[in-house]
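First up is the structure itself, then whatever we jot down about it.
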There are 2 protein chains.
Amino acid sequence: MAERLDETDEQILAELADNARATFAEIGQRVNLSAPAVKRRVDRMLDSGVIRTFTTVVDRTALGWTTEAYVQVFCHGTIAPDQLRAAWQDIPEVVSAATVTGTADAMLHVLARDMRHLEEALERIRSSADIERSESIVVLSNIIERALS
Amino acid sequence: MAERLDETDEQILAELADNARATFAEIGQRVNLSAPAVKRRVDRMLDSGVIRTFTTVVDRTALGWTTEAYVQVFCHGTIAPDQLRAAWQDIPEVVSAATVTGTADAMLHVLARDMRHLEEALERIRSSADIERSESIVVLSNIIERALS
DNA sequence: GCTGAAACACATGATGC
DNA sequence: GCATCATGTGTTTCAGC
């Protein structure tokens, strides 16, 4: 769990963050390691949870997805994070989700084509878990957008 | 550029978002397509910019950044988005910022090493613009983390 | 904990439907 | 626009250091 990473691990992470579909041989060339050595390190980091997942950055604005909202969700009783993950991870409109402090149980970041689509996505979000109510804060304009890794 | 995606494209995107290192054959099996057919669609989406990049979600606890919050900011009077961008873009703890609907003027996503660091970052955020008050919602655990545009 | 080699699986272009 | 096939590459296991 509290795995410590050496300089090579950090380099490999940076390469994977830059291109998650890079081959192990390619990464190895950049960090001066053989492909099997890279694979073993990546496997170890996957195993220890340092690497959570490999994902794809989809530019929804290229598809005209211009509507964005932060949604606070209030559940009936207590729900385990794993349940919420199971409920929402197949909803592509959900960019991120987290359980939070305060009156709300979870905070979601949702992307949609337009208001109608957002409405419809919210309905799917609500119906896929035992949700009491939700509160949406719609984004007017993005000021800063940094990749987090 | 205003590329349209069919149902199969969406399915492929969902698979790639879930695991960017999945093989084309694997994806093809799930969407009932051959590997070359999947590749062609992925290539087209890469070409049109719909797929921006493949990346890796790193568990920031491994990097020592364990504290995360959504911060609603309330300004004195009206402030232009550009002013807020100028005020905050040099604060590295600010992962994203957007002006929003509702009672708050802006929503920030902030990352910090710990509570003390978050507190200190919030102080810098508040003092760099004409902020009346702010409301922080601290993340307990991340459920879904997809890199967004 | 690395390298090198070998078996196996995948990517990808050409071809035909 | 798809499937099939062939080949070059990448992956992954195993032995050895």
Side-chain angles (χ1 to χ4, degrees), chain A residues 1-65 89-90 92 113 117 147 149, chain B residues 1-64 145-147 149:
Chain A
M1 279 275 179
E3 198 80 34
R4 57 178 178 284
L5 309 180
D6 63 14
E7 190 54 40
T8 308
D9 289 325
E10 290 286 355
Q11 271 183 281
I12 291 171
L13 279 184
E15 292 296 329
L16 283 174
D18 194 51
N19 177 18
R21 283 185 78 87
T23 65
F24 292 136
E26 234 164 42
I27 297 166
Q29 216 160 18
R30 287 171 174 271
V31 304
N32 295 316
L33 234 57
S34 68
V38 173
K39 181 199 181 322
R40 195 151 51 144
R41 281 168 179 267
V42 171
D43 282 347
R44 182 167 48 75
M45 289 192 281
L46 275 167
D47 222 48
S48 70
V50 172
I51 294 176
R52 170 114 35 106
T53 185
F54 301 106
T55 189
T56 302
V57 180
V58 176
D59 188 353
R60 293 289 181 183
T61 61
L63 300 171
W65 288 41
Q89 73 178 350
D90 288 336
R113 279 186 300 273
H117 182 196
S149 73
Chain B
M1 274 297 143
E3 197 79 37
R4 258 189 86 123
L5 307 184
D6 61 15
E7 189 54 42
T8 308
D9 288 325
E10 288 287 356
Q11 272 184 281
I12 291 171
L13 280 184
E15 292 296 329
L16 283 173
D18 194 50
N19 177 18
R21 284 185 77 86
T23 64
F24 293 136
E26 235 164 40
I27 298 166
Q29 216 161 19
R30 287 171 173 272
V31 304
N32 295 317
L33 233 58
S34 67
V38 173
K39 181 197 179 328
R40 196 158 45 152
R41 282 166 179 268
V42 171
D43 282 345
R44 182 168 48 75
M45 289 190 280
L46 275 167
D47 223 48
S48 69
V50 172
I51 294 176
R52 184 161 319 160
T53 183
F54 301 104
T55 190
T56 301
V57 179
V58 176
D59 189 344
R60 284 172 303 284
T61 59
L63 304 172
E145 198 69 79
R146 282 193 256 265
S149 48

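Letters go in sequence order (proteins before strands), and every chain restarts at 1.
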Just wondering, do [Y] and [X] contact through their side chains at under 4.5 Å, heavy atoms?
X: E145(B); Y: T55(A); answer: no
X: E15(B); Y: V38(B); answer: no
X: R44(B); Y: D9(B); answer: yes
X: L16(A); Y: R21(B); answer: yes
X: I27(A); Y: V42(A); answer: no
X: R60(A); Y: L63(A); answer: yes

Of the listed nucleotides ([options]), which one gets closest to any side-chain atom of [X]?
X: K39(B); options: dG1(C), dA3(D), dG13(C); value: dG13(C)
X: R21(A); options: dC2(C), dC2(D), dA11(C); value: dA11(C)
X: A25(A); options: dT11(D), dT13(D), dA3(D); value: dT11(D)
X: F24(A); options: dT12(D), dC10(C), dT3(C); value: dT12(D)

Grab the [atom1]-[atom2] distance between [X] and [N] for me, whole Å please.
X: R40(A); N: dT3(C); atom1: CZ; atom2: P; answer: 9 Å
X: I27(B); N: dC2(D); atom1: CD1; atom2: P; answer: 14 Å
X: E7(A); N: dG1(C); atom1: CD; atom2: P; answer: 17 Å
X: Q29(B); N: dA11(C); atom1: CD; atom2: P; answer: 12 Å
X: D43(A); N: dG10(D); atom1: CG; atom2: C1'; answer: 15 Å
X: D9(B); N: dC2(D); atom1: CG; atom2: P; answer: 9 Å

Indicate the atoms forming the closest heavy-atom contact of A35(A) with F24(A), along with that distance.
-> O-CB, 3.8 Å
For R41(B) and dG1(D), is the shortest distance between a side-chain N/O and OP1 or OP2 below 4.0 Å?
-> no
Name the residue closer to the 5' end of DNA chain C, choosing between P36(A) and E26(B) according to the nucleotide with the nearest heavy atom.
-> P36(A)
Which angle, to the nearest 10 degrees, lies between the helix axes at the two ends of the helix from dG1(C)-dC17(D) to dC17(C)-dG1(D), each defined by five pairs?
-> 20°
Looking at every strand, decide which applies to S34(B) at a 4.0 Å heavy-atom threshold: base, sugar-phosphate, or nothing.
-> base
